[in-house]
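Bear in mind that the values here come from a model prediction, so they are computed numbers and not experimental data. Counting starts at 1 for both ligands and their atoms, in listed order.
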Amino acid sequence: MFTINENYLQLNESYLFSTIAKKINEFTLSNPETDIIRLGIGDVTLPLPPSVVDALHKSVDEMGRKETFRGYGPEQGYGFLREKIAEIDFQKRGISVSADEIFVSDGSKSDTGNILDILGEQNSVALADPVYPVYQDTNVMRLGADNRLILLPCTAENNFLPQLPTEKIDIIYLCYPDNPTGTVMTKPQLKQWVDYALENRSLILFDAAYEAFITEDDIPRSIFEIEGAEQCAIEFRSFSKNAGFTGLRCSYAVVPKSLKTHTADGREVSLHGLWNRRQSTKFNGTPYIVQRAAEAVYSPEGQNEIREMVDYYMQNAAIIRSALLSKGWPVFGGVNSPYVWFKCPGTDNSWRFFDRLLHECHIVGTPGVGFGAYGEGYFRLSAFNSLEKTREAVRRIERWEV
Ligand code: MLT
């Protein structure tokens with residue numbers, strides 16, 4: 001008899017956003033005329049920027065001509081994109097990252113899950129609670145729900161920023177700007193984590209998918225702004241939220257060549273080499289046309305267009321944030337992040353609030369408890385909708401007597 005990976009049986013029955021989608025479908029079936037406003041899953045709503053669309057058209061035409069057709073590409077990504085990323089996202093900001101430390105991929109969700117392939121099973125793993133569910137679920141898939149997974153409580157008292165662990169942890173996931181709470185770390189705060197990792201020889205998996213939404217000057221956009229991070233961190237970035245690629249799929253991971261660890265018998269190993277090995281075996285690369293589209297994001301026009309998109313969503317975030325604050329509800333995030341996180345009024349039960357908001361205001365959000373036990377009693381609204389729908393959602397909330 002064949003067996004299964006029984007760790008899967010320890011997961012929640014469905015992924016958070018699938019559960020929410022199911023609830024919306026049920027509601028829509030019994031209320032077909034209702035105008036639901038979706039501020040739940042962080043899925044972009046603006047169309048792709050014009051320079052990206054142009055690049056797609058051109059590259060599709062290239063693929064249709066004998067002279068310019070391309071088959072398999074390099075698994076790590078094409079040089080034209082890796083060089084642009086290194087130059088514009090890092091070197092121009094004074095951060096030393098080279099093109100060959102960049103691995104282009106199809107999403108940070110896949111990358112942050114797949115990275116576990118190259119890491120040992122005995123590692124202790126620390127996650128914030130609440131946290132983006134993919135980090136926890138992929139670890140449970142691999143290790144089972146066991147005590148090597150350490151949850152770092154994030155509460156209103158610590159401003160939803162985890163405290164440094166008191167014990168020695170091998171792997172630490174950090175996501176800043178944070179999903180779901182929208183909070184950020186300052187440079188000195190992030191430096192404490194890098195120092196901890198260097199001292200304890202831990203690895204930080206730093207998810208910077210929301211970096212483009214930072215509006216304040218003193219907030220680090222990359223962990224590699226912190227000295228020493230190249231010896232203890234991998235960074236994940238995505239084109240999904242800043243350039244509208246949720247349906248196109250492109251991301252990258254920065255695996256520094258100076259990031260090393262040791263085998264049980266004391267040999268030094270480079271994580272760059274291992275990830276390269278993993279990607280060349282299990283991944284055939286992001287499609288050529290998608291990489292050309294991502295390259296266009298780095299043109300001067302592309303940079304202006306994505307800036308406008310991000311500003312548009314951040315205007316929505318500001319509208320949501322100020323409406324909730326004027327209701328007197330405790331609010332976090334929404335300043336350097338497209339997510340606004342707040343204390344549910346009148347209940348400590350996030351799902352009960354989800355149901356009321358859906359049934360009474362016809363607004364979909366994400367219950368905080370879906371991101372972890374410490375999210376219970378909190379709620380997340382996303383700014384990824386149109387200005388009109390955001391204004392309408394806010395009007396409904398303003399009139400609502402909770
Ligand atoms: C979210 O809503 O948390 C995000 O859309 C999830 C994701 O990017 O996978």
Ligand 1-proximal atoms of Thr246, by part, heavy-atom distance under 4.0 Å: neither
Mark up the atoms of ligand 1 that fall under 4.0 Å of a heavy atom belonging to Lys241, in ascending order. 4 (C), 5 (O), 7 (C), 8 (O)
Nearest heavy atom to atom 3 (O) of ligand 1: which of Val44, Asp43, Asn179 does it belong to? Asn179
Please check if the side chain of Ser382 supplies one atom and the backbone of Leu39 the other of a donor-acceptor pair under 3.5 Å. no
Side chain, backbone, both or neither: Phe371 near ligand 1, heavy atoms under 4.0 Å: neither
To which protein heavy atom is atom 7 (C) of ligand 1 closest, and what is the distance rounded to 0.1 Å? Tyr132 OH, 3.2 Å
Relative to the heavy atoms of Phe17, which atoms of ligand 1 are at a distance of less than 4.0 Å? 1 (C), 2 (O), 3 (O)
Parallel, tilted or perpendicular: ring planes of Tyr132 versus Tyr135, cut at 30 and 60 degrees: perpendicular
Thr286 side chain to Ser105 backbone, donor-acceptor under 3.5 Å: yes
Taking only heavy atoms of Ile41, which atoms of ligand 1 are found under 4.0 Å from at least one of them? 2 (O), 5 (O)
Centres of the Tyr378 and Phe371 rings: under 6.0 Å? no
Do the ring planes of Tyr313 and Phe384 sit parallel (below 30°), tilted (30 to 60°) or perpendicular (above 60°)? perpendicular
With a cut-off of 6.0 Å (strictly less than), are more than 12 heavy atoms of other residues, nucleotides or ligands near NZ of Lys343? yes
